[in-house]
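We count ligands from 1, going down the list as the structure has it; atoms in each ligand are counted the same way.
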Amino acid sequence: MKNDIALFGGTFDPVHLGHLRSAQHVRSVLSLNEIRLVPSLESPHRKHPESTVEHRLAMLRLAALDFPGIVIDDREIARGGLSYSVDTLESFRNEFGLRIAIYLIMGMDAFNKFDEWYRWRDIGCLCNIIVLKRPGNSSGFSSLMNRWIENSLCSLEQLQGRPGGKVCFVELEQMDISSTEIREALRRGLKPSLQLPTKVENYIQVHGLYQGGYVNA
Ligand code: ATP
């Protein structure tokens, strides 16, 4: 098991089994001690989350209880302001040094717009990027991104031990789960039990999140 740093950023509004199982899978293929889920406080490229940061964090902490090796890292919340990934990666580099490998995990939907992220080329130098395919999300990169990918692309095997600068596309079992669909289902009074960890589903119910009422589907 390796102590490289792997982080999976997101809004987690709410965290679901697509996030958790993908993180577990990457942890296993890269033989990592842990994967950090890093919730954003305020994402620069998304609308304001529907539930409060306290609820999102509480659901993540509950979910992590049943997923060994998944750790919640609240540095973006503690930092305050807009949650720029480049700042987060710089804070990891300051903490762990230049030699350790850092992997930033993201779904294809996020990677398709990666060249809109603040200082995206710096992000690409600070870490390796692991892109997960998602159902219904084919790749659609700008020509600028295509050129950058051509120079950075490598396989999972080639990635091992490299501190940063590489991009790797990973074919996992694709899970057709998204927070948007979960929020919509809850709003319609449905129970998305197969998409959420039980502890998170119970938390949503107890706190009445994303809905008016909560009835059996
Ligand atoms: P929303 O539907 O609100 O956009 P989401 O389900 O995409 O939410 P986020 O918290 O926005 O969840 O996503 C955080 C990261 O997790 C992103 O990089 C996203 O691409 C990735 N991700 C989310 N769901 C999956 C999934 N089912 N499989 C692989 N990656 C996923």
Return a table of donor-acceptor pairs under 3.5 angstrom between the side chains of residues 159-166 and protein atoms on other chains or two or more places apart.
residue: Q160; atom: OE1; partner: K2; partner atom: NZ; Å: 2.8

* With no hydrogens and no angle check, do the side chains of T88 and R79 hold a donor and an acceptor under 3.5 Å apart? -> yes
* Asked: If two hydrophobic side chains count as joined below 4.5 Å and joins carry through other members, does V71 share a cluster with L60?
  -> no
* Considering residues at least two apart in sequence or located in another chain, which fulfil the ring-ring contact (aromatic ring centres under 6.0 Å, His included) criterion with F92? -> none
* Shell of residues surrounding ligand 1, defined by a 4.0 angstrom heavy-atom cut-off that is strict -> F8, G9, G10, T11, F12, H16, G18, H19, S22, R46, M106, G107, D109, A110, R134, M175, I177, S178, S179, T180, R183
* So, do F141 and F111 have ring centers that fall under 6.0 Å from each other? -> yes
* Check ring-ring contact (aromatic ring centres under 6.0 Å, His included) between Y118 and all other residues, then give those that pass, not counting sequence neighbours. => Y84
